[in-house]
Amino acid sequence: KADDDAAPKKREKPVAVMKRAGAGKNELTLLDSAEIFKMLRDPSVGNAVIQQFVLPKGSHPAMYRTTWRRNMASSTVLISGHRPMGENNIWHTSSTLIDANTILSFRGISATETQHIVAGIVLHIEKHGPPCQFSEATCDFIKGEDGKMQFLQMKCFVCQSI
């Protein structure tokens with residue numbers, strides 16, 4: 001993509017996020033309702049994941065990453081961008097424009113909430129999935145504009161067959 005494709009653009013609110021593997025990190029692109037259908041029909045896009053766009057609470061993009069551990073304390077970090085995602089219907093459409101991040105160890109109600117959610121996911125998979133036991137699982141969450149915690153993905157896990 002050309003650099004000017006990633007520039008902030010006046011547009012309707014994004015409805016989806018497209019994630020593709022990039023050089024050393026994932027590339028994220030915000031898509032409005034017209035662009036999502038173009039991307040789905042475009043074979044040059046290659047392998048990509050498309051997720052629902054959740055506007056995070058606050059003006060900056062932020063995500064909670066929680067690591068649950070079976071025999072150790074769980075931990076949560078808050079990953080926050082330095083620049084706003086968008087204002088007045090002008091959206092930064094590419095992660096290249098918001099890639100300066102701060103990562104902070106996080107405690108509090110949100111950390112406790114995400115740790116309980118990850119523990120519940122692990123319990124569900126162990127009970128209903130293939131016979132395995134997790135020792136660790138890391139998941140990403142966004143606290144939406146409505147204050148609800150939204151599960152994004154299980155980033156990684158360690159488990160053994162039993």
Side-chain angles (χ1 to χ4, degrees), residues 1-68 75-106 108-122 124-125 128-129 137-157:
K1 273 187 156 179
D3 286 338
D4 58 347
D5 287 345
K9 298 177 184 177
K10 188 150 184 100
R11 58 191 3 210
E12 61 180 273
K13 181 180 173 184
V15 296
V17 178
M18 181 175 66
K19 182 166 64 172
R20 294 187 293 189
K25 64 179 184 175
N26 290 329
E27 172 192 320
L28 301 175
T29 306
L30 299 180
L31 304 172
D32 64 26
S33 56
E35 292 167 323
I36 191 169
F37 292 108
K38 288 180 195 172
M39 291 296 177
L40 289 170
R41 292 183 184 111
D42 184 355
S44 69
V45 170
N47 294 330
V49 173
I50 296 178
Q51 298 173 201
Q52 177 184 352
F53 173 75
V54 176
L55 186 62
K57 188 172 185 166
S59 62
H60 296 263
M63 172 181 81
Y64 297 90
R65 178 164 290 159
T66 295
T67 299
W68 171 92
S75 62
T76 299
V77 295
L78 176 64
I79 303 169
S80 178
H82 292 183
R83 297 185 199 165
M85 291 182 69
E87 300 174 295
N88 301 319
N89 288 332
I90 297 182
W91 296 89
H92 295 292
T93 58
S94 171
S95 58
T96 58
L97 294 171
I98 55 173
D99 63 355
N101 292 318
T102 300
I103 301 175
L104 301 168
S105 181
F106 191 78
I109 293 170
S110 293
T112 304
E113 181 180 1
T114 60
Q115 290 168 11
H116 286 298
I117 293 169
V118 179
I121 291 169
V122 167
H124 180 81
I125 294 170
H128 300 289
T138 299
C139 296
D140 292 340
F141 300 86
I142 287 179
K143 182 174 271 192
E145 189 175 42
D146 60 2
K148 293 180 182 175
M149 197 60 75
Q150 303 287 324
F151 171 76
L152 292 178
Q153 64 188 352
M154 183 176 281
K155 189 78 173 167
C156 61
F157 58 89

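It should be emphasised that the depicted structure is a prediction, and the values quoted were computed from it without experimental measurement. Just the heavy atoms: all of them, side chains too, but no hydrogens, waters or symmetry mates, feed the values below.
- The two atoms that bring G144 and V54 nearest to each other are CA-CG1, 3.8 Å, heavy atoms only.
- Remark: L152 CG to M63 CE distance equals 7.0 Å, nearest 0.5 Å.
- Between L30 and E35, the closest heavy-atom pair is O-OE1, 3.8 Å.
- Considering every non-hydrogen atom in both L78 and A62, the closest pair reads CD1-CB, 4.1 Å.
- Counting only residues at least two apart or in different chains, side chain to side chain donor-acceptor pair (under 3.5 Å) contacts with residues 42-54 comprise D42-S44.
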TODO: Could you walk me through whether T66 and I117 pass side-chain contact (heavy atoms from CB on, under 4.5 Å), step by step?
DONE: CA-CA 9 Å; T66 295; I117 293 169; over 6 Å; no
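- Rounding to the nearest 0.5 Å places OH of Y64 at 11.5 Å from CD1 of I79.
- Of all heavy-atom pairs spanning F53 and A16, the tightest one is CB-N, 3.5 Å.
- For the salt bridge (charged side-chain N to carboxylate O under 4.0 Å, His left out) condition, the pairs that include at least one residue of residues 45-66, sequence neighbours left out, are R65-D140.
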- [ ] Apply the test side-chain contact (heavy atoms from CB on, under 4.5 Å) to residues F141 and E113: give CA-CA distance (whole Å), side-chain angles for both, the deciding distance (0.1 Å), then the verdict.
- [x] CA-CA 10 Å; F141 300 86; E113 181 180 1; over 6 Å; no
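- Pairing each heavy atom of S105 with each of V77, the nearest pair is CA-CG1, 4.2 Å.
- If you take CD1 on I36 and OG1 on T29, they are separated by 12.0 Å, rounding to the nearest 0.5 Å.
- Q115 pairs by the side chain to side chain donor-acceptor pair (under 3.5 Å) definition with T76, not counting sequence neighbours.
- Of the inter-residue distances, the one linking M149 atom CE with H116 atom NE2 reads 12.0 Å to the nearest 0.5 angstrom.
- Of all the heavy atoms in V45 and M18, the pair that sits closest is CG1-SD, 3.6 Å.
- Taken to the nearest 0.5 Å, the SG atom of C139 stands 11.0 Å off from the NZ atom of K155.
- Distance check, rounded to the nearest 0.5 Å: CG of D32 to CZ of F37 gives 10.5 Å.
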